[in-house]
There are 2 protein chains.
Amino acid sequence: MSSTITAQMPGEPATTTYERSCEGSPADSNHGRAIRDVLDRVGDKWSLLVVATLRKQRLRFTELQRHIPGISQRMLTLTLRQLERDGLITRTVHAEVPPRVEYELTALGGTLIELAMSLADWAIQNHPRIEDSRAAYDHAHSN
Amino acid sequence: MSSTITAQMPGEPATTTYERSCEGSPADSNHGRAIRDVLDRVGDKWSLLVVATLRKQRLRFTELQRHIPGISQRMLTLTLRQLERDGLITRTVHAEVPPRVEYELTALGGTLIELAMSLADWAIQNHPRIEDSRAAYDHAHSN
DNA sequence: CTGAATCCATACTGATACTG
DNA sequence: CAGTATCAGTATGGATTCAG
């Protein structure tokens with residue numbers, strides 16, 4: 001059952017939220033939803049970065065913030081909650097004072113970051129080509 | 001030079017647009033920028049879907065629109081322009097009347113979609129786990 | 001047929017201030 | 001320390017209309 005994004009993928013058009021299932025054969029269920037869900041998580045501004053940062057080490061809130069320059073407290077919190085909800089990281093609160101909260105990658109999160117790494121490799125290797133292409137395009141359309 | 005998203009990735013914080021380079025060692029250049037660029041393209045709502053649709057076939061504008069239910073004329077146009085600019089697809093206009101424009105994947109686009117496919121596979125295989133995790137999380141936090 | 005231009009609703013993100 | 005709450009700017013996507 002090796003993938004097939006092709007054309008049945010649309011999360012949803014009219015309804016702003018992706019709810020209705022794509023009416024393919026009853027068996028193929030809604031792969032589009034699955035893909036969209038993962039993309040929404042991977043594609044946002046900080047999730048992948050947080051997961052990558054947690055790849056090797058278990059870290060607490062403030063440590064994460066230091067490791068990820070530019071992230072706001074708010075966005076770090078929101079991102080962590082999402083990742084936790086999706087089962088990609090775990091959040092453990094130690095009953096101390098002052099409070100200590102540590103975040104750690106789950107096994108699921110671990111498999112995802114491996115994939116993401118290969119995407120990162122692709123990005124790094126091919127970015128020059130993309131940059132060149134953009135320059136050429138912009139030049140041709142500058143008029 | 002196998003990747004390392006870790007912590008130096010931030011596109012940019014304060015400046016709304018990702019312009020300033022991350023001042024790492026002069027050699028490692030801005031991998032963060034590369035990764036962010038690719039993610040911005042891959043993560044948006046339609047790009048990956050368009051690329052996937054073009055994977056096997058060369059298609060014209062209207063055909064693409066039919067293959068991708070829910071996409072608006074505007075978003076199809078914008079998405080195609082971006083992909084063309086990045087060198088992931090080519091756009092060829094046939095001097096006929098009525099006009100015929102065909103879009104085709106480039107070699108670069110071809111390598112990207114292969115990666116995207118494995119991500120899609122991951123999404124399909126692990127989505128049940130994510131769904132379960134979400135249900136559990138929502139249940140635990142419903143109060 | 002293949003778009004470009006305009007307008008509008010919403011979603012995402014960041015800055016800031018406050019709390020157990 | 002580790003958040004929450006509120007507010008505001010920007011970006012994104014869709015609907016509609018017009019054009020070569």
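Order of the sequence lines sets the chain letters (A, B, ...), proteins ahead of strands, with each chain counted from 1. If you're wondering where the values come from, they're calculated on a predicted model, not measured in any experiment.
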> Which string of ( ) [ ] | and . matches DNA chain D, if you list each base 5' to 3' and count Watson-Crick or G-U pairs only when both distances are under 3.5 Å?
Replying inline: ||||||||||||||||||||

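Between Q73(B) atom CD and dC1(C) atom P the separation is 10 Å, expressed in whole Å. The CG atom of L76(B) sits 13 Å away from the C1' atom of dC1(C) (whole-angstrom rounding). Summarising the geometry, the separation between CG on L39(A) and C1' on dC12(C) is reported as 16 Å, rounded to the nearest angstrom. R60(B) places its CZ atom 10 Å from the P atom of dG3(C), with the value rounded to the nearest Å. Atom-to-atom, CG of L83(B) to C1' of dG3(C) comes out at 16 Å; the value is rounded to the nearest Å. With rounding to whole Å, Y103(A) atom OH is found 14 Å from dC1(D) atom P. Residue E84(B) contributes atom CD, which lies 9 Å from atom P of dG3(C) at whole-angstrom precision.
Atom OG of S118(A) and atom CD of E114(B) lie 12.5 Å apart (nearest 0.5 Å). Expressed to the nearest 0.5 Å, how far CG of L105(A) lies from CD of Q57(A) amounts to 11.0 Å.
You'll find the side chain of Y103(A) reaches within 4.5 Å of the side chain of L64(A), heavy atoms only. The closest side-chain heavy-atom distance from I71(A) to L49(A) is not below 4.5 Å. Residues M75(A) and L78(A) are in side-chain contact: their nearest non-hydrogen atoms beyond the backbone lie under 4.5 Å apart.
Each of G43(A) and V101(B) has a nearest nucleotide on DNA chain C; the 5'-most of these lies closest to V101(B). With DNA chain D read from its 5' end, the first of the two nearest nucleotides for F61(A) and D44(B) is the one closest to F61(A).
In the interface, the side chain of R81(A) is not paired with the base of dT4(D) through any donor and acceptor atom under 3.5 Å apart. Put simply, the side chain of R74(B) and the base of dG13(D) share a donor and an acceptor less than 3.5 Å apart.
Applying the side-chain contact (heavy atoms from CB on, under 4.5 Å) criterion to R134(B), with sequence neighbours excluded, gives D37(A), R41(A), R85(A), D86(A), I130(B), E131(B).
R60(A) has no carboxylate O lying under 4.0 Å from a charged side-chain N of E102(A), or vice versa, which leaves the two without a salt bridge.
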